[in-house]
Peer 1: 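One structure, pasted below without further comment.
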Amino acid sequence: MTSTDGQFKNGQIQKIIKSIAVPQLDDSVLKEQIAAFNEIYVDEFRHSYTQILITIQNLGDSERDLLMTNIEQVLNSINGQLTSEAQEGLKKLSDHIQLDISRLNYFKKEFSKDASKLKDRIDKAQSEQTNAILKFTTLSQQISKHEKDISNVKSEHITILGIFAAIMAAGVGGFTILGNVAAMAEKISIYRFFAITSFLGFILFNVVFMLIYMIARLTGKNIYTDSHKDINSDCVYSNCDKNCWGINRVRKRLPYIFWANIVLIAIVIISLLISM
């Protein structure tokens with residue numbers, strides 16, 4: 001038998017395998033297969049295992065199941081009508097088909113298990129990666145916020161220190177001026193002395209208050225006195241339904257500033273009036 005004959009017969013077997021992998025076998029197909037098997041399996045012909053495996057691999061899952069069932073039916077139906085050599089070849093063909101299908105099903109099942117495990121690992125790794133990215137993003141945002149807060153705190157501290165330095169400078173300057181005025185006390189009347197010192201005190205007192213007010217605004221502290229029964233009411237920081245006049249609002253919210261200025265201004269005016 002030549003190699004060409006072998007290739008032709010293996011091709012015939014492949015066609016027979018595909019014709020068997022159907023939901024229902026016809027009697028006419030079985031008769032054709034009897035003649036085909038008697039013609040193929042002569043002169044000690046052996047089918048190619050590789051070609052059988054390739055043909056089975058190209059079939060779908062349902063076709064493989066049908067082939068595995070129908071090959072037994074073919075073997076039982078036409079076995080008595082075949083030559084002894086064809087019967088032996090068909091039996092080996094049936095064994096090889098069932099063995100290859102069983103092997104493919106086993107490998108597919110194991111592969112599915114491994115694929116499922118691998119998918120679970122990949123999903124777990126992706127979930128851990130996502131969580132790590134979220135944590136990293138959160139930490140980055142927190143670090144940025146803390147850096148910004150630290151920068152703001154530094155700026156506020158520098159500003160507050162500058163204001164305190166200004167308060168000290170204002171205090172030293174004010175006392176220096178008061179010292180000079182005190183040195184001139186013998187040359188001027190007592191009333192003019194009171195008028196000058198009160199005026200200087202008025203300026204120094206309000207300058208210091210404005211510096212303290214700036215510190216309070218920078219630090220978010222409230223230096224106002226509560227003027228309402230509701231502790232949440234505030235003329236500056238909260239809503240207030242009372243339309244107070246400006247000076248009246250100062251009297252209510254900053255009484256110590258209001259009365260101190262009134263007293264100082266009164267001393268200046270009275271002292272000047274008396275000294276005239």
Peer 1: Is atom CZ of F205 surrounded by more than 12 heavy atoms (other residues, nucleotides or ligands) closer than 6.0 Å?
Peer 2: yes

Peer 1: Does a side-chain heavy-atom distance below 4.5 Å link Y256 with L254?
Peer 2: yes

Peer 1: NZ/K135 to OG1/T137 distance, rounded to the nearest 0.5 angstrom?
Peer 2: 12.5 Å

Peer 1: How far apart are the closest heavy atoms of A195 and V268, and which atoms are they?
Peer 2: O-CG2, 3.5 Å

Peer 1: If the condition is side chain to side chain donor-acceptor pair (under 3.5 Å), which residues does K119 pass it with, not counting sequence neighbours?
Peer 2: D123

Peer 1: Rounded at 0.5 Å granularity, tell me how far CG in L99 sits from NZ in K92.
Peer 2: 14.0 Å

Peer 1: Measure the spacing between CG of N58 and NZ of K18 and express it to the nearest 0.5 Å.
Peer 2: 7.0 Å

Peer 1: Search all heavy atoms of I267 against all heavy atoms of S198 and return the closest pair with its distance.
Peer 2: CG2-OG, 2.8 Å

Peer 1: To the nearest 0.5 Å, how far apart are NE2 in H96 and CG in L53?
Peer 2: 11.5 Å

Peer 1: Can you measure from CD (Q14) to CD1 (I56) and round to the nearest 0.5 angstrom?
Peer 2: 10.5 Å

Peer 1: Just so I know, are the side chains of K124 and E128 near enough to count as touching, which here means a heavy-atom distance under 4.5 Å?
Peer 2: yes

Peer 1: Can I54 be reached from L104 by stepping across I, L, V, M, F, W or Y side chains whose heavy atoms are under 4.5 Å apart?
Peer 2: no

Peer 1: Answer with yes or no whether the hydrophobic clustering places L139 together with L134; edges join I, L, V, M, F, W, Y residues whose side-chain heavy atoms lie under 4.5 Å apart.
Peer 2: no

Peer 1: Hey, quick one: are L264 and I269 part of the same hydrophobic cluster, counting side-chain heavy atoms closer than 4.5 Å, chains of contacts allowed?
Peer 2: yes

Peer 1: Is there a side-chain contact between K109 and N105 (heavy atoms, below 4.5 Å)?
Peer 2: no

Peer 1: Which class fits the ring pair Y213 and F209: parallel under 30°, tilted 30 to 60°, perpendicular over 60°?
Peer 2: tilted

Peer 1: Are L204 and I265 in one and the same hydrophobic cluster, where Ile, Leu, Val, Met, Phe, Trp and Tyr link if side-chain heavy atoms are under 4.5 Å apart?
Peer 2: yes

Peer 1: Are L66 and L59 linked, directly or through intermediate hydrophobic residues, by side-chain heavy-atom contacts shorter than 4.5 Å (ILVMFWY only)?
Peer 2: no

Peer 1: With respect to I97, which candidate in I101, D100, D95 satisfies the side-chain contact (heavy atoms from CB on, under 4.5 Å) definition?
Peer 2: I101

Peer 1: Can you tell me how far CD of Q12 sits from CD of Q7, rounded to the nearest 0.5 angstrom?
Peer 2: 13.0 Å

